[in-house]
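Counting convention: from 1, in listed order, for ligands and their atoms alike. Please read these numbers as outputs of a predicted model, since none were measured by experiment.
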Amino acid sequence: MKTISDLGDLRGKRVVIRCDFNVPLSGQTITDDGRIRAALPTLKELLSQGARVTALAHLGRPKGTPDPKFSLAPVAARLGELLGQSVKLATDTVGPSAQAVSAALADGEIALAENVRFEAGETSKVDAERAELAEKYAQLGDYFVSDGFGVVHRKQASVYDIAKLLPSAAGHLVEKEVSVLSKITTDPERPYVVVLGGAKVADKLAVIDNLLKVADTLIIGGGMSYTFLKAQGYEVGNSILDESKVEACKGYLADAQAKGKRILLPVDVRIADGMDFEARTVKGEVEVVPVDAIPADKGGLDIGPESEKLFAQEIAGAKTVFWNGPAGVSEIEAFAGGTKAIAKALAEGSAFSVIGGGDSAAAVRTFGYSDDQFGWISTGGGASLEYLEGKQLPGLAVLEGDK
Ligand SMILES: Nc1ncnc2c1ncn2[C@@H]1O[C@H](COP(=O)(O)OP(=O)(O)OP(=O)(O)O)[C@@H](O)[C@H]1O
Ligand SMILES: O=C(O)[C@H](O)COP(=O)(O)O
């Protein structure tokens, strides 16, 4: 993989950089700026070399059309503070504003184009549509630097297609992530425990098959767990559920048993009528129930205390732990217990721990842990998981070709 030093002298050169600025927000407030901080080493190096930098990034999952809710405005402001210099945000992604803002850059200046997912071509499954958008991105630079590790598993225009058009290199964050993750992929100290949670159920269920090949134990909490509980025959009320994956989960459970691997699921859960995520409030009373007693009109929003003990015990005996996805809705105090228990077990245990994912990383920092209490806090959620599975990631593979 080429790195920035392979690009030669960048003074006065226009560099397009893909970052992962998909930070957790509460309204317009960034609740964890870890992903922005993680981009600083590469950005500072490019700027100190005198490059003219146009950054591309996404926020959330807007549907290919501008949506003010997903504007990168809070990111531009925070990035400017952290860099100590102004970061001009274009009002569009590749239109007249982005072109003007990018063309006006002086040496050592940086601009940010609006959310790449405001363009339908960005995530299109049609190669020609992505390529057409990538051509427009490529007009904003002479070189491309890929430093958004959290998105390198996406075959998207600003991650993959643009790298085919410009001389390209990996940034320092991508380099560092790959070096840590390759260590635990090729030769993890065992027992190796993978802890999964979060809400991207469809994405993350898809990686379980392959994770079962590498990990000794899979611990499953959070929104992920209800599809498994359903597969075990439990009713899950109005908890997050991917009905279409229930059969697949039955298969994973049988497969794990056949391979002598363990899948640990919650034995109890914290339930309520629901929640208002924006207001960070609970609807109805919070109760703890065993997993066989979730009422039809309530949903599981965190693992319960018995599950916390069970999971913490397993983590304490591990030599390597990879954790992606909160065990519950950790943004709401009443449902943060499970995620806190996992963070505590990792911080106090002796395993080499890697935490992946925007929300998981945000959670541990919110609980007051510092990054150095863990082996590595990865900026990748899905990306780290797919890397661990041994999959080829499009955004990394494309950096290996010559242009
Ligand atoms: N039981 C649950 N029901 C509803 N939402 C849940 C539940 N458990 C966790 N969540 C939510 O999952 C979200 C995080 O999920 P996600 O899969 O995005 O994890 P992540 O660590 O941010 O990884 P990535 O970086 O891949 O997005 C949090 O906002 C949390 O509130
Ligand atoms: O949060 C993430 O994992 C990355 O920013 C990728 O986001 P995505 O899952 O919406 O592609």
Side-chain angles (χ1 to χ4, degrees), residues 18-26 31-32 34-36 38-39 57-63 70 75 115-117 122-123 148-156 158-160 195-207 220-229 236-242 266 269-272 274-275 277-278 280 282 291 294 298-304 307 322-339 342-343 354-366 377-387 393-395:
R18 176 60 154 107
C19 297
D20 182 1
F21 291 147
N22 192 21
V23 288
L25 286 177
S26 173
T31 54
D32 178 49
R35 279 180 166 163
I36 305 179
H58 75 283
L59 183 70
R61 292 178 168 177
K63 301 270 176 276
F70 296 108
V75 169
N115 195 332
V116 289
R117 293 186 182 172
E122 172 65 16
T123 56
F149 181 75
V151 277
V152 292
H153 59 318
R154 303 290 183 214
K155 195 175 183 181
Q156 297 178 349
S158 66
V159 178
Y160 173 79
V195 186
L196 292 181
K200 291 179 183 170
V201 179
D203 278 13
K204 292 179 187 177
L205 282 177
V207 307
I220 299 181
M224 303 270 304
S225 54
Y226 300 95
T227 309
F228 276 93
L229 292 172
V236 298
N238 60 29
S239 315
I240 284 195
L241 173 69
D242 187 342
V269 287
R270 292 186 169 92
I271 57 167
M275 58 160 173
F277 188 77
E278 288 305 318
R280 304 288 197 260
V282 183
V291 289
I294 304 175
K298 295 186 190 286
L301 294 161
D302 193 11
I303 59 172
S307 313
F322 178 84
W323 173 29
N324 172 270
V329 185
S330 57
E331 298 89 342
I332 299 177
E333 182 56 30
F335 302 121
T339 307
I342 292 171
V354 178
I355 302 177
D359 293 291
S360 321
V364 298
R365 293 185 184 120
T366 309
I377 299 197
S378 170
T379 53
S384 338
L385 277 176
E386 290 196 20
Y387 190 96
L393 307 186

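- Under a 4.0 Å criterion applied to the non-hydrogen atoms of G325, ligand 1 contributes the atoms 19 (O), 21 (O).
- With a 4.0 Å heavy-atom cut-off, ligand 2 is reached by the side chain of R117 but not by its N, CA, C or O.
- Residue D203 has no nitrogen or oxygen atom sitting less than 3.5 Å from a nitrogen or oxygen atom of ligand 2, judged on distance alone.
- Ligand 1 has a nitrogen or oxygen under 3.5 angstrom from a nitrogen or oxygen of G300.
- For Q156, the heavy-atom gap to ligand 2 stays at 4.0 angstrom or more.
- Nearest heavy-atom pair, E122 versus V116, reported as atom, atom and distance to 0.1 Å: CB-O, 3.3 Å.
- Protein heavy atom closest to atom 7 (O) of ligand 2, with residue, atom name and distance, is H58 NE2, 3.3 Å.
- For F335, the heavy-atom gap to ligand 1 stays at 4.0 angstrom or more.
- Every N/O-N/O distance between G197 and ligand 1 stays at or above 3.5 Å.
- For the residues H153, R154, K200, the heavy atom positioned nearest atom 11 (O) of ligand 2 is part of R154.
- Among the atoms of G223, some N or O lies under 3.5 angstrom from an N or O of ligand 1.
- A heavy-atom separation below 4.0 Å is found between K204 and ligand 1.
- When only non-hydrogen protein atoms are considered, atom 2 (C) of ligand 2 lies nearest to R35 NH2, 3.5 Å.
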